[in-house]
Student: 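Below is the structure I would like to discuss, written out as structure tokens.
Here is the naming used below: chain letters follow the sequence lines, and residue numbers restart at 1 for every chain.
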Amino acid sequence: MLIPRKFYARQDTAKIARELLGKLLVVPSSGRRVSGMIVETEAYLGEIDRAAHSYGGRRTKRNEVMYGEAGFAYVFFVYGMYNQFNCVTGRPGTPHAILIRGIEPVEGIEIMQERRPKAKKLKDLTSGPGKLCIALGIDRTLNGEDLLGTKVFIERYKTIPAGELASGKRIGIDYAGEDAELPLRFWVANNPFVSRA
DNA sequence: AGCGAGATGAGCT
DNA sequence: GCTCATCTCGCTG
């Protein structure tokens, strides 16, 4: 059930990002499972990717975990109020990561709703990278956490049929020049928990 | 239903 | 000082 380290340790991060669709992201809370199926991801390709925090070999305290072993959580803070959850991939020294942008709630939906009282409709609960972090209780204390541990982990769940896989350019990275055009965003077609159609 | 702006702080140049 | 891997609200049409 649990995704093994090998899954994350491969070199082709775009492929891993695609394969994460349909997997279950689980963050237990006071003995209960709170989880959702991953429906939208984005790949960030290390030092050569202008959109990545690690572009140009910029290694800082913030992105340090991107440089470490695959299968760990990279959680960072943006826009003064939101966290973003990523999985580190590739080999140590190659700072690749995959941003999770949307999940479909599966377990512990009431807990998620308590955490996001402003979400009126179910589809507003986890349809975006900041939203899903609030719903799952993910913050920077989980940065560097092992995805093969007990605090945050990913399990096999569903296989998305090839016909439902979609890809396109990444969101919110217009500053990245040509790299902004790369088709490194992956999502499940017609799933309401994708942040944008 | 679609757009513009404000919130709010860490990390860079 | 300014830029963000965003979200929500309030205004317009």
Side-chain angles (χ1 to χ4, degrees), chain A residues 8 13-14 16-18 20-21 25 36 38-68 70 72-90 94-105 112-145 147 152 154 166-188 190 192-197:
Chain A
Y8 305 102
T13 296
I16 301 170
R18 200 186 323 126
L20 274 175
L21 299 176
L25 175 58
I38 297 169
V39 299
E40 182 181 358
T41 60
E42 280 179 2
Y44 285 86
L45 308 183
E47 303 189 333
I48 58 160
D49 179 358
R50 287 187 94 85
H53 289 162
S54 51
Y55 174 64
R58 185 157 54 230
R59 183 173 183 158
T60 65
K61 196 158 192 173
R62 176 174 64 157
N63 67 19
E64 184 61 28
V65 294
M66 290 182 80
Y67 282 86
F72 283 77
Y74 172 40
V75 182
F76 65 91
F77 187 68
V78 259
Y79 298 123
M81 47 181 97
Y82 298 108
N83 292 112
Q84 311 252 327
F85 176 79
N86 302 252
C87 305
V88 175
T89 60
T94 65
H96 288 208
I98 297 166
L99 171 67
I100 307 300
R101 292 191 52 91
I103 64 169
E104 176 178 323
M112 296 192 233
Q113 283 168 329
E114 282 169 24
R115 288 171 175 157
R116 282 185 46 70
K118 289 177 183 167
K120 313 203 72 168
K121 301 165 132 182
L122 186 60
K123 68 163 246 195
D124 295 325
L125 203 51
T126 53
S127 54
K131 296 178 190 175
L132 70 89
C133 281
I134 298 170
L136 290 174
I138 293 172
D139 61 24
R140 280 164 295 173
T141 63
L142 293 179
N143 186 42
E145 207 56 52
L147 297 179
V152 212
I154 300 177
S167 64
K169 52 201 276 196
R170 293 171 291 179
I171 292 175
I173 53 152
D174 290 343
Y175 60 89
E178 299 179 355
D179 291 345
E181 305 302 317
L182 298 172
L184 293 175
R185 172 174 172 246
F186 303 93
W187 68 94
V188 177
N190 303 318
F193 297 93
V194 169
S195 66
R196 301 200 197 175

Student: Can you measure from CG (A:L132) to CG (A:L25) and round to the nearest 0.5 angstrom?
Tutor: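 If I round to the nearest 0.5 Å, the distance is 7.0 Å.
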Student: Rounded to the nearest 0.5 Å, what separation is found between the CD atom of A:E145 and the CZ atom of A:F72?
Tutor: 8.5 Å
Student: Of all residues at least two apart in sequence or in a different chain, which pass the side-chain contact (heavy atoms from CB on, under 4.5 Å) check with A:S127?
Tutor: A:K131
Student: Can you name the atoms? Protein N/O to nucleotides 6-8 of chain B N/O, anything below 3.5 Å, with the distance.
Tutor:
residue: B:dT8; atom: O2; partner: A:Y79; partner atom: O; Å: 2.5

Student: Run the numbers on A:L122 and A:Q113 for side-chain contact (heavy atoms from CB on, under 4.5 Å), then give the verdict.
Tutor: CA-CA 8 Å; A:L122 186 60; A:Q113 283 168 329; 4.3 Å; yes
Student: Nearest 0.5 Å please: distance from the CD1 atom of A:I100 over to the CG atom of A:L21.
Tutor: 8.5 Å
Student: With heavy atoms of chain A within less than 4.0 Å as the criterion, where does contact along DNA chain C begin and end?
Tutor: C:dC4 to C:dC9
Student: Please list residues of residues 39-63 of chain A whose heavy atoms come under 4.0 Å from any atom in DNA chain B, ordered by number; otherwise none.
Tutor: A:R58, A:T60, A:R62
Student: Drop me the distance from A:I38's CD1 to A:F193's CZ, to the nearest 0.5 angstrom.
Tutor: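 Interatomic distance, A:I38 CD1 to A:F193 CZ, rounded to 0.5 Å: 14.5 Å.
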Student: Under 4.0 Å, counting only non-hydrogen atoms across every strand here, what does A:I173 touch: a base, just sugar-phosphate, or nothing?
Tutor: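 Sugar-phosphate, no base atom in range.
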Student: For residues 80-89 of chain A, please give each side-chain donor-acceptor pair under 3.5 Å, one per line with the distance, not counting sequence neighbours.
Tutor:
residue: A:N86; atom: ND2; partner: A:Y74; partner atom: O; Å: 3.1
residue: A:T89; atom: OG1; partner: A:T13; partner atom: OG1; Å: 2.8

Student: Polar-atom pairs under 3.5 Å, protein N or O versus N or O of nucleotides 1-4 of chain B: list them with distances, or write none.
Tutor:
none

Student: To check you understand the geometry: which heavy-atom pair defines the closest contact between A:N63 and A:H53, and what is its length?
Tutor: ND2-O, 3.3 Å
Student: If you write DNA chain C from 5' to 3' in dot-bracket form, with Watson-Crick or G-U pairs under 3.5 Å, [ ] for crossing pairs and | for pairs with another strand, what do you get?
Tutor: ||||.|||||||.
Student: Which heavy atom of A:V39 sits nearest to which heavy atom of A:V194, and what is that distance?
Tutor: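 The pair with the smallest heavy-atom distance is O-CG2, 3.7 Å.
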Student: What is the distance from atom CG of A:D179 to atom CG of A:L45, rounded to the nearest 0.5 Å?
Tutor: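 Interatomic distance, A:D179 CG to A:L45 CG, rounded to 0.5 Å: 8.5 Å.
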Student: Does A:A17 have any side-chain contact (heavy atoms from CB on, under 4.5 Å) partners at least two apart in sequence or in another chain, and if so, which?
Tutor: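 side-chain contact (heavy atoms from CB on, under 4.5 Å) list for A:A17, sorted by chain: A:T41, A:A43, A:I98, A:F186.
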Student: Give me the atom names and distance for the closest heavy-atom approach of A:G128 to A:S195.
Tutor: CA-CB, 4.0 Å
Student: A:A14 and A:L184: which non-hydrogen atoms are nearest, and at how many Å?
Tutor: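 Scanning both residues, the minimum pair turns out to be CB-CD2, 3.9 Å.
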Student: Rounding to a whole Å, what distance do you find between A:D139:CG and B:dG9:P?
Tutor: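 Whole-Å distance recorded here is 15 Å.
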Student: Going by salt bridge (Lys or Arg N to Asp or Glu O under 4.0 Å), name the pairs with one or both residues in residues 39-65 of chain A, residues two or more places apart or in two chains.
Tutor: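 Checked against salt bridge (Lys or Arg N to Asp or Glu O under 4.0 Å) - neighbours excluded - the pairs reaching residues 39-65 of chain A are A:E40-A:R101, A:E40-A:R185, A:E42-A:R101, A:D49-A:R170, A:R59-A:E64.
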Student: In residues 174-185 of chain A, which ones come under 4.0 Å of DNA chain C, going by heavy atoms?
Tutor: A:Y175
Student: Using the side-chain contact (heavy atoms from CB on, under 4.5 Å) rule, take A:V75 and A:V65 through it: C-alpha gap first, then chi angles, then the decisive distance, then the call.
Tutor: CA-CA 9 Å; A:V75 182; A:V65 294; over 6 Å; no
Student: What pair of heavy atoms forms the shortest contact from A:P105 to A:T126, and how long is it?
Tutor: CD-OG1, 3.3 Å
Student: When you measure from every atom of DNA chain B, which of residues 115-132 of chain A have a heavy atom less than 4.0 Å away?
Tutor: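 DNA chain B contact set from residues 115-132 of chain A: none.
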Student: For A:K123, check salt bridge (charged side-chain N to carboxylate O under 4.0 Å, His left out) against everything at least two apart and list the hits.
Tutor: none
Student: If you look at every heavy atom in A:M66 and A:S54, which pair is closest and at what distance?
Tutor: CE-OG, 3.6 Å
